[in-house]
Amino acid sequence: MAKIIDGKKISAQVKDECRERVAAEGLDVTLAVIQVGNDPASAVYVGNKKKACEYTGMHSLSYELPEETTEEELLALVEKLNQDEKVHGILVQLPLPRHIDEDKVIETISPKKDVDGFHPQSVGALSIGQPGFVSCTPAGVIQLLKRSGVEMDGRECVIVGRSNIVGKPMAMLMLRENATVTVCHSHTKDLKEVTKRADILIVAIGKPKFITREYVKEGAVVIDVGIHRGENNKLCGDVDFDDVEPVVSAITPVPGGVGPMTIAMLMNNCVEAKGIQNA
Ligand code: GUN
């Protein structure tokens, strides 16, 4: 029987630690959240981020802009929030409407307020081991592993997926933990042969139930970053949980695994942002 890595429990611990720090140090922290257009999934994420701010004792400022908002208008708002000393973190919910250049928007956010960790300066700092904000989902995976007692030092870690938000920063974080890291992607030849080497297999490919037991070494730890709505409206991940669970030593479920960690780590980044700006 595999150990089920409980993301609900671990994310609650992280949020409680943030809440305690905010209360104990009397921190006045504000996160500005910008959403452009009315993508329903984004609206749910943004709502959850605001709720988490409330829970941890932080303030949130919400900017719900119409779909027709121009790039110039959005950039002007980001610049205004950069200058606003009462705002410590800025989050622009992605995806943005097609007429707005996402890279340009991300590059306009002050690296000191980049709580998503998407700014090129944050990404660069991570890759050379300097302080900076780390993308919340991969940072959450590290917390899941650490708080579940999974040893990373010297172990084989295979990451499937090379996105800027998950796969690439995940590789940098696992290197920081002294794992031996391999990143696979759609051009990888004989994917199964590579994933079967993993002591720790992290999957972020966006394909429902793609990873079956043929891809996994017996006793491995499997982290599933995917989330999809499958048959009968049921949520599932990139890993076929029922097929893989019996052969591994530990696995994250979907839902209740990696998902809740993203917002918990965002809260953590907001507390850090306050610290940086007070320094
Ligand atoms: N859209 C989906 N995930 C994220 C995230 O972590 N941050 C932002 N800003 N947008 C997203």
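Order of appearance sets the numbers: ligands from 1, and atoms from 1 within every ligand. Worth saying up front: this structure is predicted, and the values here are computed from it rather than measured. Hydrogens, waters and symmetry mates are skipped; everything else that's a heavy atom, side chains included, is used.
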I5: which of I223, V258, I251 passes side-chain contact (heavy atoms from CB on, under 4.5 Å): I223

Atoms in ligand 1 flagged as close to V92, the criterion being non-hydrogen separation under 4.0 Å: 8 (C), 9 (N)

Closest protein heavy atom to atom 9 (N) of ligand 1, given as residue, atom name and distance to 0.1 Å: D116 OD2, 2.6 Å

Nearest-neighbour protein heavy atom for atom 11 (C) of ligand 1, which is reported as residue plus atom name and distance: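 Among all protein heavy atoms, the one nearest atom 11 (C) of ligand 1 is Q93 NE2, 3.3 Å.
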
F118 ring center near F133 ring center (under 6.0 Å):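 F118 vs F133: aromatic centres not under 6.0 Å.
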
L94 and ligand 1 - part of the residue with a heavy-atom distance under 4.0 Å: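 Both of them.
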
Ligand 1-proximal atoms of L91, by part, heavy-atom distance under 4.0 Å: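 For L91, only side-chain atoms sit under 4.0 Å from ligand 1.
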
Rounded distance [0.5 Å steps], CE in M261 versus OG1 in T137: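 If we round to the nearest 0.5 Å, M261:CE and T137:OG1 are 10.0 Å apart.
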
Interatomic distance, T195 atom OG1 to I159 atom CD1 [nearest 0.5 angstrom]: 13.0 Å

Close side-chain approach of T30 and S60, heavy atoms under 4.5 Å: no

